[in-house]
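Order of appearance sets the numbers: ligands from 1, and atoms from 1 within every ligand.
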Amino acid sequence: MKTLSNISVKGRRVLLRIDINSPIANGKVLDSPRFKESAKTISYLLKKGAGVAILAHQGRKDGKDFLSLQQHAKILSKYIGKKIRYVDDLFGDLAVDNINKLKSGDAILLANVRNYDDESLPNKKGNRYQYLCKNFDIYVNDAFSASHRKQGSIILPAKYLQSCIGIGFESEIKTIKKFKLKSKNTLYVLGGEKIEDYLSIFNNLKNKKNKVLASGVLANLLLIAKGHNFGYENKWIEEKGYSHLIPKLKLICKKYSGQIILPVDFAIEDYNTRVELDLSDLPVQSKIWDVGHETVRIFKSEINKTKSIFMKGPLGFSEIPHFSYATVEILKEISLLSKRKRIFSLIGGGHLTTTLEKYKIPNNFSYISTSGGALIAYISGEKLPGLEALED
Ligand code: 3PG
């Protein structure tokens, strides 16, 4: 794959795809490390004299995080030290006019690509990315974290334009390759909610020395697949449409039973306090907010037996202080072992980065990645459509 150092961008018009998909609280975009990372490539391009139009997404159509990119432009401008104008259009006259007016050293951010079905249906007849690309000389993909999606802005521009990867993309790939080389005896510590991306990680259990420590929705689903009844969580899982994963997870549990470590206790909320329950106390008509102390003890003991760790997603609702216990404890343990050079650690996804900052956990980790699902796909040996497009 070509990198920016292989291409001269001076005086040329660059179409740049970045990933600044970020957590949203009450309609406000929260600053996330993705902005700072993306700013590196944008600043490089501007300094080298390119005119840059930026493509990005926020949320998923109809999801609660689906927003315009107006606030993102302001946050990016802060990191770049120069105004990045937001243009509320992508394929229409407004976008094309602004692209044509771009001067060397200027950048604009175009509308959320997920507003348009040209993004979700890259193979649709007359897909407008091919016309948009006529306004550019070069395509740069700096969105490694979205490159596991077969979507227009990720796979199409590389067909029409001279292309390369950006600075953030290059650094993610380098480190993940290093992790793959070092990961002979790996523990995958998985939590959070975006579990549809997680299933490929079980392929890594073909190596009998590897293990998964599961928490969050994934653990609940695995326990349901093993026949446990949570009560309230079972209903929640059904409503969220996760039930179809259960037959597949049943097979996974059978095949890798000794290698998947599941929680044995949980925390629920009772009158604003944290109350812990054993697995045998279930079902309960309450939401599970965290895993319990005994689970943390078991997880820590597994962490102390391994050589490399990949952690993605919080173990509980780490935004809420009394349910951040397990996530913070596990991150602290991984940090300590990394400092003592006992393990190689790779931390992935936005939530954990926020937890690290909020609880001031020392950053001794071998690497903190801004990617989630793409990282999982890559370390599990899957082909990433965004990478394949650039290799062609
Ligand atoms: C992410 O946040 O992991 C990427 O931006 C991809 O987002 P998606 O899961 O909504 O495709």
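Checking side-chain atoms of Thr186 against main-chain N and O of Asn210 turns up no donor-acceptor pair under 3.5 Å. When atom types are taken as modelled, the side chain of Arg274 and the backbone of Ile268 share no donor-acceptor pair closer than 3.5 angstrom.
A donor and an acceptor atom, one from each side chain of Glu172 and Tyr367, are located under 3.5 Å apart. With hydrogens and angles left out, the side-chain atoms of Glu333 and Asn304 include a donor and acceptor closer than 3.5 Å.
Distances from ligand 1 to the non-hydrogen atoms of Arg114 include at least one value under 4.0 Å. Heavy-atom separations between His57 and ligand 1 include at least one value shorter than 4.0 Å.
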Residues Thr41, Asp142; criterion side chain to side chain donor-acceptor pair (under 3.5 Å); working and verdict: CA-CA 7 Å; Thr41 295; Asp142 201 33; 2.9 Å; yes
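Proximity of Glu269 to Thr273: side-chain heavy atoms (C-beta onward) are nowhere separated by under 4.5 Å.
Atoms of ligand 1 found under 4.0 Å from any heavy atom of Asp19 (numbered from 1 in listed order, with element): 4 (C), 5 (O). Listed by number with element, the atoms of ligand 1 under 4.0 angstrom from any heavy atom of Arg60 are 8 (P), 9 (O), 10 (O). Atom numbering of ligand 1 starts at 1 in the shown order; those under 4.0 Å from a heavy atom of Arg149 are 8 (P), 9 (O), 11 (O). Shown in contact with Ser145 at under 4.0 Å from a heavy atom are these atoms of ligand 1, numbered in order with element: 4 (C), 6 (C).
Among all protein heavy atoms, the one lying closest to atom 3 (O) of ligand 1 is Lys194 NZ, 3.4 Å.
Under the 4.5 Å side-chain heavy-atom criterion for ILVMFWY residues, no single connected hydrophobic cluster contains both Leu55 and Ile138.
Contacts of Gln58 with ligand 1, taken as heavy-atom pairs under 4.0 Å, are absent altogether.
For ligand 1, one of its N or O atoms has an N or O atom of Arg34 under 3.5 Å away.
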